[in-house]
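These notes concern the structure reproduced below.
All values below were derived from every heavy atom in this structure, side-chain atoms included, with hydrogens, water molecules and symmetry-related copies excluded. We number each residue from 1, following the sequence as shown.
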Amino acid sequence: MTESTGLRAGYFAAASLVRPTLNAIMSKEWQGGHHIPESGFIVCANHISNLDPLALGHMVYSLGHLPHFLAKSELFQLPVVGGMLTRMRQIPVDRARGGNESLVAADRVLAEGGAIIIYPEGTLTADPDLWPMKAKTGAARLALKTGVPVIPMAQWGIHEVLPKTAKTPRLRPRGTGRIRIGAPVPLEDLRESTLTRSVLETASERIMTAITGELEVLRGEDAPEGRWNPRTGQREAGHRGQGFS
């Protein structure tokens with residue numbers, strides 16, 4: 001993606017603050033960087049800590065790409081932070097309006113060869129054991145509409161540095177933020193389909209299954225059967241591996 005000099009300067013300035021801070025509070029372990037395309041791709045990751053975007057952005061930037069996040073619109077109203085997000089071409093998601101405008105903006109970034117980062121769950125996981133939840137369909141819709149690769153990424157350990165309810169990081173013992181990148185999610189057979197609810201849910205579940213598979217490797221254990229549904233507050237059967245037949 002051909003980025004303006006001003007935009008790259010903004011990212012460089014942000015990285016000069018973020019990278020030393022993250023390196024000071026935790027070690028890092030990154031796996032699977034060879035799966036990242038040269039341009040035009042969507043990263044889909046699990047969400048376990050409010051520190052996730054900085055850690056994931058650090059990794060994507062270090063691999064040579066400017067990370068463009070879909071973030072809740074309220075962040076863009078904050079003093080200083082909001083202006084920085086706007087200057088760095090981050091994409092606000094107005095949930096009250098359905099998020100359609102954010103998908104249009106993300107489409108433009110992808111058309112220019114950029115990298116979009118999405119947390120398909122839409123929020124921090126509510127799963128009691130921190131496994132990926134049932135996803136919303138926005139990431140699947142964008143992926144099928146644009147045809148760009150979807151790269152699954154799993155994160156683990158970052159939640160120990162900044163737990164879900166914590167406001168400040170835990171500095172001792174020093175934690176390790178681990179990120180594992182997987183091969184592109186197989187969506188080719190769905191790309192010519194009409195974007196019905198069923199198709200979007202099938203694509204969404206494939207994405208979450210791919211993320212879960214990478215997370216199983218990081219955690220060294222198998223995920224439980226079913227996937228947590230935040231609407232019902234329980235793990236529902238019939239999701240694990242759905243859509244690969």
Side-chain heavy atoms of Leu215 within contact of Pro132, under 4.5 Å: yes

Any side-chain heavy-atom pair of Thr194 and Val199 under 4.5 Å: no

Parallel, tilted or perpendicular, as decided by the 30° and 60° cut-offs, for the rings of His65 and Phe41: perpendicular

Given Phe69, Trp156, Trp131, Tyr119, the one that forms ring pair (Phe, Tyr, Trp, His ring centres under 6.0 Å) with His47: Tyr119

Close side-chain approach of Ile116 to Val148, heavy-atom, < 4.5 Å: no

Close side-chain approach of Leu51 and Ile25, heavy atoms under 4.5 Å: yes

Student check: side-chain heavy atoms of Ile151 and Pro184 closer than 4.5 Å: yes

Minimum heavy-atom distance between Ala126 and Trp228, given as atom pair plus value: O-NE1, 3.7 Å

Chi angles and distances behind the side chain to side chain contact (heavy atoms under 4.5 Å, CB included) call for Leu54, Thr21: CA-CA 10 Å; Leu54 293 181; Thr21 300; over 6 Å; no

Electrostatic pair Arg219:Asp129 at N-O distance under 4.0 angstrom: no

Validation row: Asn23, His58 side chains within 4.5 angstrom (heavy atoms): yes

Nearest-0.5 Å distance that lies between atom CD1 in Ile207 and atom CG in Leu187: 5.5 Å

Gln31 and Glu29 side chains, donor-acceptor separation under 3.5 Å: yes

Glu205 side chain to Thr209 side chain, donor-acceptor N/O pair below 3.5 angstrom: yes

Flag, side chain of Arg191 to backbone of Ala143, donor-acceptor distance under 3.5 Å: yes

Aromatic plane relationship, His68 with Tyr11 - under 30° parallel, 30 to 60° tilted, over 60° perpendicular: perpendicular

Note, Asp222 side chain near Glu216 side chain (heavy atom, < 4.5 Å): yes

Closest approach of Leu70 to Ala106 (non-hydrogen atoms, all atoms of both residues): CD1-CB, 4.1 Å

Student check: side-chain heavy atoms of Met208 and Glu121 closer than 4.5 Å: yes

